**Q** 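Below you will find the structure I want to go over with you.
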Amino acid sequence: MSIRHGLLALLERGPRYGSQLRTEFESRTGSTWPLNVGQVYTTLSRLERDGMVAQEGVDEGGHALYVITETGRAELRSWFRTPVDRASPPRDELAIKLAMAVGAPGVDIREVIQSQRHHTIQAMQDYTRLKAQALEAVPTDRDEVAWLLVLEQLIFQTEAEARWLDHCEVRLIRLAMMPKRSGDTSQTTSGNPGTGSTHTPAPMPASASAPASSTPASASTPSVGPTAD
C-alpha cells in the first residue's frame, strides 16, 4: 500500500503534524495497517524533499505542521485516477509456500492446505463479526465509512483465498489419481509418492456467502502490516 499517498490525502484536508497523521490514518483504515511515528516522519521527509509537502509553522503544542503543495495535489490526483497495477502482483507468501510444497520431501501439501484453510476461515469470521458490529449503527462519519470499505475488502479477500485453497486441493486429488508416467518419481499430494487419497475439501461455512450475519467463536482482530513506502 502507498503510505505517501495516504498522507497526502489527509494533508489535503488541512495542516497536520506527524502523530496526528498517524492517528487519522489508522482511524480511516481501522488500524488494519498500523503505522509508527517513525514511518510517518520518514515519509514526510521524502515528500518534502520531492516538493509535495512543506513545513508551515507550529501548532499551539509546538508540533511542526505540514501542508500539501500544488505538486503534492497533482500527485494525489494522478494517484486517484490511475488504476492499481496488477501486472506485477506483490509476493504472496501462501502461494509461494504451496508452490514450494509440491513434491517437497516429507511435506504433506494437503495438510498444509487444510491448516491454512482453517486459519483463513477463522479470519473471515472475525472480519465478519467486526462488520456486523460496524453496521449496528448506520455508518455516517467518513472514517466509519472508510473502515467499512476496508473491512469488506478483507472479507472478500479471505473468502476468495478459502475458495482457492479448495480448488488447490481438488486439483491435487485429480493429479494423484492420474496414471504415473514412466520414470516420474515426483510427489504430488503428500510426502509419499503415488498416494491418491480421495478426501473431499470441507465446504466453507455459511458466513462466506452471508458476511453480515456470522458470529465467530474467536474475538481476535486480524491485522495486516504495511509495506514500506
Side-chain angles (χ1 to χ4, degrees), residues 1-2 29-30 32-33 83-135 148-228:
M1 60 169 298
S2 178
T29 61
T32 304
W33 300 282
V84 174
D85 184 16
R86 300 299 187 192
S88 301
R91 285 187 295 270
D92 185 294
E93 182 180 356
L94 177 56
I96 294 172
K97 180 188 290 189
L98 293 189
M100 296 299 107
V102 174
V107 177
D108 186 340
I109 186 173
R110 286 173 50 202
E111 182 179 332
V112 175
I113 290 173
Q114 291 164 18
S115 175
Q116 181 64 46
R117 184 194 294 112
H118 175 78
H119 174 80
T120 299
I121 289 175
Q122 183 62 63
M124 180 170 60
Q125 291 174 334
D126 289 341
Y127 293 138
T128 299
R129 172 183 54 80
L130 291 174
K131 177 183 175 181
Q133 293 174 354
L135 290 176
L148 186 60
L149 294 178
V150 170
L151 194 52
E152 289 174 330
Q153 191 270 347
L154 294 172
I155 292 171
F156 284 119
Q157 189 176 60
T158 49
E159 180 180 8
E161 181 173 285
R163 293 184 182 279
W164 174 68
L165 289 167
D166 286 344
H167 168 79
C168 289
E169 188 166 17
V170 170
R171 180 171 294 282
L172 290 169
I173 291 171
R174 290 174 177 170
L175 288 174
M177 296 174 66
M178 293 176 62
K180 272 186 171 291
R181 292 177 296 179
S182 177
D184 184 1
T185 59
S186 64
Q187 300 165 330
T188 54
T189 61
S190 69
N192 298 319
T195 45
S197 169
T198 56
H199 171 79
T200 302
M204 286 196 300
S207 60
S209 57
S213 61
S214 173
T215 305
S218 169
S220 62
T221 303
S223 64
V224 180
T227 58

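These figures come from a predicted structure and were not determined experimentally.
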**Q** Shortest non-hydrogen contact from Val150 to Thr29?
**A** CG1-O, 4.1 Å
**Q** What pairs with Ala95 under side chain to side chain contact (heavy atoms under 4.5 Å, CB included), at least two apart in sequence or on another chain?
**A** Asp92, Trp164
**Q** Looking at residues at least two apart in the chain, or sitting in another chain, which of them share a side chain to side chain contact (heavy atoms under 4.5 Å, CB included) with Leu149?
**A** Glu152
**Q** Within a strict 4.5 Å, meaning less than it, do heavy atoms of the Glu169 and Gln114 side chains meet?
**A** yes
**Q** For atom CD of Glu93, decide whether the heavy atoms of other residues, nucleotides or ligands shown that lie under 6.0 angstrom number more than 12.
**A** no
**Q** Atom NE2 in His167, atom CG in Leu165: separation rounded to 0.5 Å?
**A** 10.5 Å
**Q** What is the distance from atom OH of Tyr127 to atom CE of Met124, rounded to the nearest 0.5 Å?
**A** 11.5 Å
**Q** Working to the nearest 0.5 angstrom, can you tell me the gap between Glu161 CD and Asp166 CG?
**A** 11.0 Å
**Q** Identify the heavy atoms of Ala162 and Thr120 that sit nearest to each other, and give their distance.
**A** N-CG2, 4.0 Å
**Q** Using side chain to side chain contact (heavy atoms under 4.5 Å, CB included), reason through Arg117 and Ile113 one step at a time and then give a plain yes or no.
**A** CA-CA 6 Å; Arg117 184 194 294 112; Ile113 290 173; 3.9 Å; yes
**Q** With sequence neighbours left out, what residues match Arg174 under side chain to side chain contact (heavy atoms under 4.5 Å, CB included)?
**A** Val170
**Q** Please round to the nearest 0.5 Å and tell me the distance separating atom CG of Leu130 and atom CG of Leu135.
**A** 11.0 Å
**Q** Just wondering, do Leu175 and Arg171 contact through their side chains at under 4.5 Å, heavy atoms?
**A** yes
**Q** Roughly how far apart are Arg129 CZ and Lys131 NZ, rounded to 0.5 Å?
**A** 14.5 Å
**Q** Quick one, Val107 and Met100 - any side-chain contact, counting heavy atoms below 4.5 Å?
**A** no
**Q** Determine the minimum heavy-atom distance between Ile173 and Arg110, stating which atoms define it.
**A** CG1-CZ, 4.1 Å
**Q** Checking the side chain of Thr158 only, and the main-chain atoms of Leu154 only, is there a donor and an acceptor separated by less than 3.5 Å?
**A** yes
